[in-house]
Amino acid sequence: MTAQILDGKATAAAIKSDLTARVAALKERGVTPGLGTLLVGDDPGSRWYVNGKHRDCAQVGIASIQRELPGTASQEEIEAVVRELNENPECTGYIVQLPLPKGIDANRVLELMDPAKDADGLHPVSLGRLVLGIEGPLPCTPYGIVQLLRHHGVEIKGANVVVVGRGITIGRPMPLVLTRKSENATVTQCHTGTRDLSAHLRQADIVVAAAGVPHLIKPEDVKPGAAVLDVGVSRDEHGKIVGDVHPGVAEVAGWVAPNPGGVGPMTRAQLLVNVVEAAERAAADLSEG
Ligand SMILES: Nc1nc2c(c(=O)[nH]1)N[C@@H](CN(C=O)c1ccc(C(=O)N[C@@H](CCC(=O)O)C(=O)O)cc1)CN2
């Protein structure tokens with residue numbers, strides 16, 4: 001039997017419809033959420049993602065503040081834009097699109113952001129809050145994955161989850177999100193140093209594949225009925241996405257999140273959730289006085 005689809009497009013559309021009402025309510029209270037983006041360089045993929053984020057903002061009523069620098073921008077020039085966004089009252093939350101060009105210290109840039117305006121959940125303060133169990137913005141892709149599974153009724157509580165990859169946007173924060181009391185999964189993190197990846201994968205009820213290695217996850221690695229989420233992005237010679245999951249996995253798994261159309265739209269939806277939640281917190285602070 002072929003796996004059922006974890007449909008990121010439809011789930012993201014439902015989240016956006018809820019957010020549209022919440023943004024309208026915020027505006028009635030005199031608060032207009034505004035998402036800022038900083039794009040450095042001309043990578044076509046990054047530009048596509050940033051443009052998509054602003055299209056989403058327009059759909060739900062969030063204001064857009066777009067900043068761009070050439071790929072030759074210095075650390076100081078990038079940091080000057082970060083300082084400007086920190087001060088800009090119209091920008092209630094923002095992101096620095098990753099990756100930054102080679103030679104730029106991305107951690108220094110992220111640390112300079114005002115943590116109260118971190119829309120990505122990737123600021124060291126936000127990640128620290130996640131470790132400590134304090135409320136704050138959650139990393140967009142990991143929490144988008146949780147929402148996608150919940151929306152389709154895939155049980156996370158008690159599940160054995162294997163996360164493949166340890167990058168900053170997905171692999172590293174994913175286990176932190178999944179092992180919170182509210183998710184309560186048991187997580188194994190695999191990476192290039194893992195000795196027998198297949199042995200780990202075969203035990204998994206849920207696989208999050210974020211290694212960036214084309215077709216790394218083969219049908220014979222997957223437990224029948226498991227949920228497999230493909231988050232890897234490699235490109236073929238025509239620029240088409242090749243994910244981490246072999247197409248044959250759909251014949252073994254119970255659920256698959258396709259790529260494109262699975263986790264990507266959820267990343268964008270969760271970004272909007274973070275912006276709206278921050279604006280709601282600000283509105284509550286305002287009314288408290
Ligand atoms: N500051 C950040 N940088 C990056 C993040 C992030 O969360 N914050 N994640 C990725 C890129 N990303 C968001 O920025 C992102 C990736 C994919 C998608 C998406 O909707 N993809 C589509 C397919 C797109 C295509 O055809 O190329 C899909 O999966 O259907 C949205 C956002 C790295 N950088």
Side-chain angles (χ1 to χ4, degrees), residues 5-13 15-16 35-41 43-57 59 64-69 78 81-82 85 91 93-101 104 106-107 109-113 115 117-124 126-127 130 137-148 165-174 177 208-212 214 228-236 238-245 256-275:
I5 299 295
L6 294 163
D7 186 344
K9 277 192 192 165
T11 312
I15 291 172
K16 284 197 266 182
L35 173 71
T37 58
L38 171 55
L39 173 65
V40 185
D43 175 73
S46 292
R47 183 171 294 282
W48 191 92
Y49 299 142
V50 167
N51 288 342
K53 290 172 188 186
H54 289 291
R55 272 198 308 276
D56 293 340
C57 283
Q59 268 179 27
S64 275
I65 301 107
Q66 264 182 286
R67 300 286 180 264
E68 265 190 55
L69 288 170
I78 295 171
V81 176
V82 168
L85 290 170
C91 170
Y94 71 97
I95 62 116
V96 175
Q97 187 63 34
L98 299 173
L100 287 168
I104 299 298
N107 286 340
V109 173
L110 292 178
E111 276 189 319
L112 194 65
M113 292 173 73
K117 290 193 176 189
D118 173 26
D120 246 344
L122 297 177
H123 189 285
S126 306
L127 292 173
L130 178 55
L138 292 169
C140 298
T141 304
Y143 199 60
I145 287 173
V146 166
Q147 296 289 59
L148 186 61
R166 55 181 157 186
I168 173 74
T169 55
I170 311 163
R172 197 54 95 185
M174 188 80 238
V177 171
V208 177
V228 181
L229 297 104
D230 190 355
V231 204
V233 178
S234 307
R235 304 259 171 197
D236 69 11
H238 308 292
K240 200 168 153 250
I241 291 182
V242 184
D244 284 4
V245 176
V256 291
N259 188 2
V263 174
M266 296 302 294
T267 298
R268 281 164 49 180
Q270 181 57 30
L271 175 66
L272 302 181
V273 170
N274 284 347
V275 174

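Just so it is clear, the structure is predicted and the values come from calculations on it, not from any experiment. We count ligands from 1, going down the list as the structure has it; atoms in each ligand are counted the same way.
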Heavy-atom closest contact ([X] atom, [Y] atom, distance):
X      : Y      : result
Val245 : Ala209 : CG2-CB, 4.0 Å
Pro258 : Ile5   : CD-CG2, 3.8 Å
Asp118 : Ser126 : OD2-OG, 2.5 Å

If you define the side chain from C-beta out and look only at heavy atoms, does anything of [X] sit under 4.5 Å from [Y]?
X      : Y      : answer
Val231 : Asn259 : no
Lys53  : Ile95  : yes
Val242 : Lys240 : no
Leu122 : Met113 : no

Within less than 4.0 angstrom of ligand 1, does [X] place any heavy atom?
X      : value
Pro265 : yes
Gly261 : yes
Gln270 : no

[X], any N or O under 3.5 Å of ligand 1 N or O:
X      : value
Cys140 : no
Thr169 : no
Lys53  : yes
Thr141 : no

Name of the residue among Glu68, His54, Arg67 meeting side-chain hydrogen bond (donor to acceptor under 3.5 Å, both in side chains) with Thr37: His54
Within reach of ligand 1, part of [X] (heavy-atom separation under 4.0 Å):
X      : value
Leu271 : neither
Lys9   : neither
Leu98  : both
Met266 : neither

Flag for Glu111-Asn107: side-chain donor and acceptor within less than 3.5 Å: no
Residue and atom name of the nearest protein heavy atom (relative to [atom]), distance in Å to one decimal:
atom                    : value
atom 32 (C) of ligand 1 : Tyr49 CD2, 3.6 Å
atom 10 (C) of ligand 1 : Gln97 NE2, 4.6 Å
atom 24 (C) of ligand 1 : Trp48 CZ3, 3.4 Å

Heavy-atom donor-acceptor pair, Lys117 side chain to Leu85 backbone, under 3.5 Å: yes
Candidate with minimal heavy-atom separation from atom 8 (N) of ligand 1, of Ile241, Asp120, Thr37, Leu38: Asp120
Heavy-atom nearest neighbour of atom 20 (O) of ligand 1 within options Pro260, Gly264, Gly243, Pro99: Gly264
